[in-house]
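All chains are named by letter (A, B, ...) in the order of the sequence lines, taking the proteins before the strands, and each is independently numbered beginning at 1.
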Amino acid sequence: MPELPEVEVVRAGLAPAVTGARVCGVTVHDERALTRHPGTGADFEARLTGRTIRAAVRRGKFLWLPLVPVPGEEPVCVVAHLGMSGQLLLRSTGAPQERHERVRLDVQHPDHGELAVVFADQRTFGSLAWDTLVPTPDGAAGAGGDDPAVPTQVAHIARDPLDPLFDDSVFRAALTRKRSAIKRVLLDQTVVSGIGNIYADEALWAARIHPEIVAASLSSRAARRLLAEVRDVLAKALAEGGTSFDAQYVNVNGQAGYFAHSLNAYGRTGEPCPRCGHPLVRVSFTNRSSHFCARCQKRPE
DNA sequence: AAACCAACCTGACTGC
DNA sequence: TGCAGTCAGGTTGGTT
């Protein structure tokens, strides 16, 4: 379930279960889930076993679990990315293996007892990895009111639009320097993080902006409107538990989100635009699809 | 430096 | 029933 709202739903579900919990066992079923881990599966298991989780933190679509420090060691964490089909599930200890289970952490929580944290991932684009925490590039606090640190793998990722320290004027200034299509810029995680194909299409539809307009050609007013719509759609989707089209995209308890019912453009090819009634179109774009209303979202001649 | 594309995977669905 | 082709929520690393 992998754009900002879905990852935040997972983070929020994970946090109370893992904060303060001790990892008493790690099982790597499939090393393809560790493509971003610097060592083998056995190395991952050995490093993590016996450690205590301090929090569950997110930036954009990345999620990480900082570990309680060991004296003399640099700050470390387990960093997770769900890719296209990754899930983090909370299960009872000893629960049967999930269909696409790749890694299992058995944890012991001082208040909640034993629990299994299962990483399942059909397409294996997601991953878990051991990583060190480094100071945030801007020196300010990381996500979730945590300390000013991010995993090295996340250092290049911009703050997301729901981060209180996201700088709107820096974002708008970046747009004026980009000659590529506005949708491509929205999907560039080094400019603004957390937005994927669904919410890019939804925000552009809401702001009445054609996805292929050159970013730099947007007026300051249009850029402000777009950012406001990005925030609005992310917040609404989060409130609805995220977007689920099938059983792949679920929270830590395996439940789907409801936002698919509220989509205005994404996946609605041929249906009438909810605003003007003109049929929505799907256009191939960057090896994926854009959905929009050609009447409401005019491309300049 | 910025922009683009192929590659990494599995599974569901469509049309012949 | 089978088989080929298409599509799916993302990121990276290499090439222009």
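Residues L82(A) and K61(A) fail the side-chain proximity criterion, which asks for heavy atoms closer than 4.5 Å. Put simply, the side chain of E212(A) reaches to within 4.5 Å of the side chain of V283(A), judged on heavy atoms. W64(A) places none of its side-chain heavy atoms less than 4.5 Å from the side chain of V78(A). Using a 4.5 Å heavy-atom cutoff, the side chains of S85(A) and F125(A) are not in contact. Using a 4.5 Å heavy-atom threshold, the side chains of K183(A) and L204(A) count as touching.
Of the options R123(A), R102(A), R104(A), a salt bridge (Lys or Arg N to Asp or Glu O under 4.0 Å) to D30(A) is made by R102(A) and by none of the others.
Per the geometry, CZ belonging to R288(A) stands 10 Å off C1' belonging to dT11(C), to the nearest Å. Rounded to an integer number of Å, the gap from L4(A) CG to dG10(C) P is 12 Å. When rounded to the nearest whole Å, the span between CG of N197(A) and C1' of dG10(C) equals 10 Å. Note: CD (Q153(A)) to C1' (dG13(C)) measures 14 Å, nearest angstrom. In this structure, L82(A) places its CG atom 10 Å from P of dT11(C), rounding to the nearest Å. Taking atom CG on D201(A) and atom P on dG10(C), their separation rounds to 10 Å, with Å as the unit. Rounded to a whole Å, the CG atom of N287(A) is 12 Å from the C1' atom of dG10(C). Between Y266(A) atom OH and dA8(C) atom C1' there is a gap of 6 Å when expressed in whole angstrom units.
Comparing the P positions of dG13(C) and dC9(B) gives a spacing of 14 Å, expressed to the nearest Å. With P as the reference atom, dA1(B) and dT11(C) are 23 Å apart, rounded to whole Å.
Ion pairing between D160(A) and R58(A) holds under the 4.0 Å rule for side-chain N and carboxylate O.
Listed nucleotides dT12(C), dC7(C), dG10(C) differ in distance to H156(A); the shortest reach to its side chain belongs to dT12(C).
Less than 4.0 Å separates DNA chain B from at least one heavy atom of each of the following residues of residues 173-188 of chain A: K178(A), R179(A), S180(A), R184(A).
When DNA chain B is scanned in the 5' to 3' direction for atoms under 4.0 Å from non-hydrogen atoms of chain A, the outermost contacting nucleotides are dA3(B) to dG11(B).
Per the stacking criterion (ring centres < 5.5 Å, plane angle < 30°), F245(A) does not stack onto the base of dA8(C).
R123(A) contributes a side-chain N or O that forms a donor-acceptor pair with the base of dA8(C) under 3.5 Å.
For the pair D106(A) (side chain) and C24(A) (backbone), a donor-acceptor distance under 3.5 Å is absent.
Nucleotide dC9(B) forms a pair with no other nucleotide shown, judged by Watson-Crick or G-U wobble geometry with both contacts under 3.5 Å.
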(message) Set out, in order, the CA-CA distance, both residues' side-chain angles and the distance that settles salt bridge (Lys or Arg N to Asp or Glu O under 4.0 Å) for D232(A) and K236(A), then state yes or no.
(response) CA-CA 6 Å; D232(A) 187 65; K236(A) 283 179 174 160; 3.0 Å; yes

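R36(A) comes within 4.0 angstrom of the backbone, heavy atoms only, and of no base. At the heavy-atom level, T35(A) lies nowhere under 4.0 Å from the strands shown. Residue D121(A) is classed as having no contact, given no heavy-atom separation below 4.0 Å to the nucleic acid.
Under the 6.0 Å cut-off for aromatic ring centres, Y266(A) and F259(A) do not qualify, their centroids lying 6.0 Å or more apart.
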